[in-house]
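Only one structure is covered here, and it is reproduced in the block below.
Residue numbers count from 1 along this sequence. Values reported hereafter were calculated over all heavy atoms of this structure, with side chains retained and with hydrogens, waters and symmetry mates removed.
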Amino acid sequence: MDTPLTTIAVVGLGTMGTGIAEVLARAGREVVGIDISEAAARQAVASLEASTARSVARERITEQERRDILARFRTFSDLQAAADAELVIEVVPETYEIKQQVFRELDAVVSPTAILATGTNALSVTRLAAESQRPECVLGLHFFNPAPAMKLVEVVSSVLTAPPAVESVTRLARELGKEPVAVGDRPGFVADGLLFGYLNQAAAMYEANYASREDIDAAMKLGCGLPMGPLALLDLIGIDTARTVLEAMYAASRDRLHAPAPVLGQLSEAGLTGRKAGRGFYTYDTPGGQTVVPDALTPAASAGAVTGRPVTSVGVAGSGTMASGIAEVFAKAGYAVVLAARSQEKADTAKARIAKSLERSVSKGRLTEEARDETLARITPAGSLDSFADVDLAVEAVAEDLEVKRQLFQTLDKVCKPGAVLATTTSSLPVVAVARVTSRPEDVIGMHFFNPAPAMKLVEVVRTVLTADDVHATVREVCVKVRKHPVDCGDRAGFIVNALLFPYLNNAIKMVEEHYATLDDIDAAMKLGGGYPMGPFELLDVVGLDVSLAIEKVLHAEFRDPGLAPAPLLEHLVAAGCLGRKTGRGFREYARR
């Protein structure tokens, strides 16, 4: 099985099969493309011709190299054409019946040493291998779409797969310029296994009318740096495809987080499968189009909306990084800011931190010295909340402790003038719990900034059942003035971002607990296969394992879903004092500074 894999057959010339064929042909392999549809075969050739023509125009390859690539790609309509292939990659429709039929026919055609690879991302590789006459030669080779651009390839072994077959395709993947990740056989493997659970929860969040599709997508893009929001991504993948993957995951895990949200079934059965149908969660200009067009669910223009209260001065309570960042944001936008801490010394230190931040902006050419000085002049440090007597908006950014916040809001209730808006930056605690300790719960709202506040564009605006309409309008208007993007959500644990992010992180930890994949492979899979700016374990160590555990406990307590129970490994690391970068050790070890 130590063959060089120079002749490779690709069965199924849809979008993925065509992409894989292009990657192979560009890398010097003889590619046999097979599809029962002559139209699909012609389209695959046309796609390769167009792609290579663009490469010539951009001077990435020569005209001779283009001709060589095209000559290496031949198409056929019969599996007999795969007879001389050392490797066959099938990417036919995602059903056992079709794939098993292909494997049975290939058994009778290819040589005994040929490797058979399935491109499935949802079906059991073991089940497919067991039906073959050569189970030791069957494995999974999961490329990501678009195959020419995406670096990740998941190499999937079943309990029947022979190690030399795995070694051969892993070596091939590297020669193709890809990053192979070794995984075991379970639905979704690593990248889709984590991704589709997250997408499913986003669909359920939308279905519950907790937040609009636009706000859910904006929150995850701006709050996590993701290239696409989850609902837009579901439309791109295909809602029917996502439902199929989730059904397979749920059949294996029986985890309610993988049970497809009913809205996925409803949209699929209605033929609203996403971009390819011209409509899914969003509506597109044409079937297969990329341009979103307004529909009945598109938010109406704000004409006639409630007007907010006037805000010229802002009080920020706290002395940590978040409080300093929020004060900087408001001061830069022209607001007079009172920065109050437990002592004058702490308040002065917080202002000094802002001065350093502004100085860095000046040194990088992002801010003029004049603007720096004007911003600093707008910030008044104070050692008591009594200084909030005249502010129009009070924002607390103190410790994430409900009792601490309640005491602070009791003080704000006594100190702040009538009509002042009182906002909490909590990321996980119930906003109504702090509102109820005041005599004016209608004036209280959540205003969840993300760290670092000067850089992050997102603010989750959290209404309680008691929040007044003009208070909500005030905070949205202020967000726009300080150049942040507000998204609306209700008062429940995790709001949008943390409610979707932390179950995903928790599931990644469970993969490691089960010895399914390594930290490095999981991080690589999510960065290369999902376009995430950081892998889950990199992110956990940055956020802090203690912070992550606290949020996961809140989510579990609120939703009572067993699948949200914090992974024991996370609890053990926190108990051991391994909290991430801040302690020098979390899931990984870091050099002490």
Would you call [X] and [Y] a side-chain contact if the rule is heavy atoms closer than 4.5 Å?
| X | Y | answer |
| --- | --- | --- |
| Val362 | Leu358 | no |
| Tyr198 | Leu226 | yes |
| Ile522 | Leu194 | yes |
| Val421 | Asp443 | no |
| Leu429 | Lys405 | yes |
| Phe330 | Val311 | no |
| Met511 | Val190 | yes |
| Leu505 | Leu539 | yes |

Do Phe495 and Tyr210 have their ring centres less than 6.0 Å from each other?
->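 So the answer is no for these two rings.
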
For [X] and [Y], indicate whether the former's side chain and the latter's backbone hold a donor-acceptor pair under 3.5 Å.
| X | Y | value |
| --- | --- | --- |
| Asn506 | Ala565 | yes |
| Glu207 | Val263 | yes |
| Asp523 | Phe537 | yes |
| Thr244 | Asp240 | yes |
| Asp401 | Val404 | yes |
| Thr583 | Leu579 | yes |

Residue pair Arg213 / Thr298, side-chain donor-acceptor N/O under 3.5 Å =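 Arg213 vs Thr298: donor-acceptor pair found between side chains.
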
Do Tyr590 and Asp541 have a side chain donor and acceptor closer than 3.5 Å?
->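 Short answer, yes.
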
Can you name the closest pair of heavy atoms from [X] and [Y] and give their distance?
| X | Y | value |
| --- | --- | --- |
| Pro227 | Gly530 | CG-O, 4.1 Å |
| Pro287 | Lys276 | CB-O, 3.5 Å |
| Ile216 | Pro230 | CG2-CG, 3.8 Å |
| Val314 | Val391 | C-CG1, 3.9 Å |
| Ala317 | Leu385 | CB-CD2, 3.9 Å |
| Leu234 | Ala242 | CD2-CB, 3.5 Å |

Nearest 0.5 angstrom please: [X] [atom1] to [Y] [atom2], how far?
| X | Y | atom1 | atom2 | result |
| --- | --- | --- | --- | --- |
| Phe196 | Leu246 | CZ | CG | 7.0 Å |
| Asp255 | Asn200 | CG | CG | 10.0 Å |
| Phe450 | Met322 | CZ | CE | 8.5 Å |
| Asp561 | Leu555 | CG | CG | 10.5 Å |
| Leu570 | Lys510 | CG | NZ | 11.0 Å |
| Tyr504 | Leu199 | OH | CG | 11.5 Å |

Kindly determine whether Lys582 and Asp546 satisfy salt bridge (charged side-chain N to carboxylate O under 4.0 Å, His left out), including the steps that lead there.
-> CA-CA 11 Å; Lys582 59 189 174 186; Asp546 52 340; 2.8 Å; yes

Inter- and intrachain pairs under ring pair (Phe, Tyr, Trp, His ring centres under 6.0 Å), touching residues 268-301, at least two apart =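 For residues 268-301, and leaving out neighbouring residues, the ring pair (Phe, Tyr, Trp, His ring centres under 6.0 Å) pairs sorted by first residue read Tyr206-Phe281.
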
Can you pull out every side-chain hydrogen bond (donor to acceptor under 3.5 Å, both in side chains) where at least one residue sits in [range]? Sequence neighbours excluded, please.
| range | value |
| --- | --- |
| residues 262-271 | Arg243-Glu269 |
| residues 366-383 | Glu359-Arg372 |
| residues 458-476 | Arg309-Asp470, His448-Glu460, Arg463-Asp469, Thr464-Thr467, His472-Asp488, Arg476-Asp488 |

Worked verdict on Leu545 versus Phe587 for side chain to side chain contact (heavy atoms under 4.5 Å, CB included) | CA-CA 9 Å; Leu545 273 58; Phe587 283 99; 3.8 Å; yes

From the options Thr411, Thr424, Thr426, select the one residue that forms a side chain to side chain donor-acceptor pair (under 3.5 Å) with Glu396.
->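 That would be Thr424; it is the only one of Thr411, Thr424, Thr426 passing the side chain to side chain donor-acceptor pair (under 3.5 Å) with Glu396.
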
Please list all pairs passing the salt bridge (charged side-chain N to carboxylate O under 4.0 Å, His left out) test where one or both residues lie in residues 411-430, with sequence neighbours left out.
->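 Non-adjacent pairs meeting salt bridge (charged side-chain N to carboxylate O under 4.0 Å, His left out): Asp392-Lys417, Asp413-Arg440.
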
Can we say Lys332 and Glu328 salt-bridge, meaning some charged N sits less than 4.0 Å from an Asp/Glu carboxylate O?
->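 Glu328 and Lys332: salt-bridged.
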
Salt bridge flag under 4.0 Å for residues Glu538 and Arg588 |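 No, no charged N to carboxylate O under 4.0 Å.
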
Mind running side chain to side chain contact (heavy atoms under 4.5 Å, CB included) on Val512 and Leu519 for me, showing each step along the way?
-> CA-CA 7 Å; Val512 171; Leu519 300 178; 3.7 Å; yes

Dump the intermediate steps for side chain to side chain contact (heavy atoms under 4.5 Å, CB included) on Ile509 and Leu540, then the final yes or no.
-> CA-CA 10 Å; Ile509 300 170; Leu540 281 159; 3.8 Å; yes

Is there a side chain to side chain contact (heavy atoms under 4.5 Å, CB included) between Met220 and Leu500 once you walk through the steps?
-> CA-CA 8 Å; Met220 297 314 293; Leu500 295 178; 3.9 Å; yes

Decide yes or no on side-chain hydrogen bond (donor to acceptor under 3.5 Å, both in side chains) for Gln410 and Thr438, but give the supporting numbers first.
-> CA-CA 6 Å; Gln410 286 176 331; Thr438 72; over 6 Å; no

Report all side-chain donor-acceptor pairs from residues 346-355 shorter than 3.5 Å, counting only partners two or more places apart or in another chain.
from, atom 1, to, atom 2, distance (Å)
Asp348, OD1, Gln344, NE2, 3.1
Thr349, OG1, Glu345, O, 2.9
Lys351, NZ, Leu376, O, 3.2
Lys351, NZ, Ile379, O, 2.9
Arg353, NH1, Ser319, O, 2.9
Arg353, NH1, Gly320, O, 3.3
Arg353, NH1, Ser324, OG, 2.6

Six-ring centre of Tyr250, Arg254 cation under 6.0 angstrom, axis tolerance 45° =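 Yes, cation above the ring, under 6.0 Å and within 45°.
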
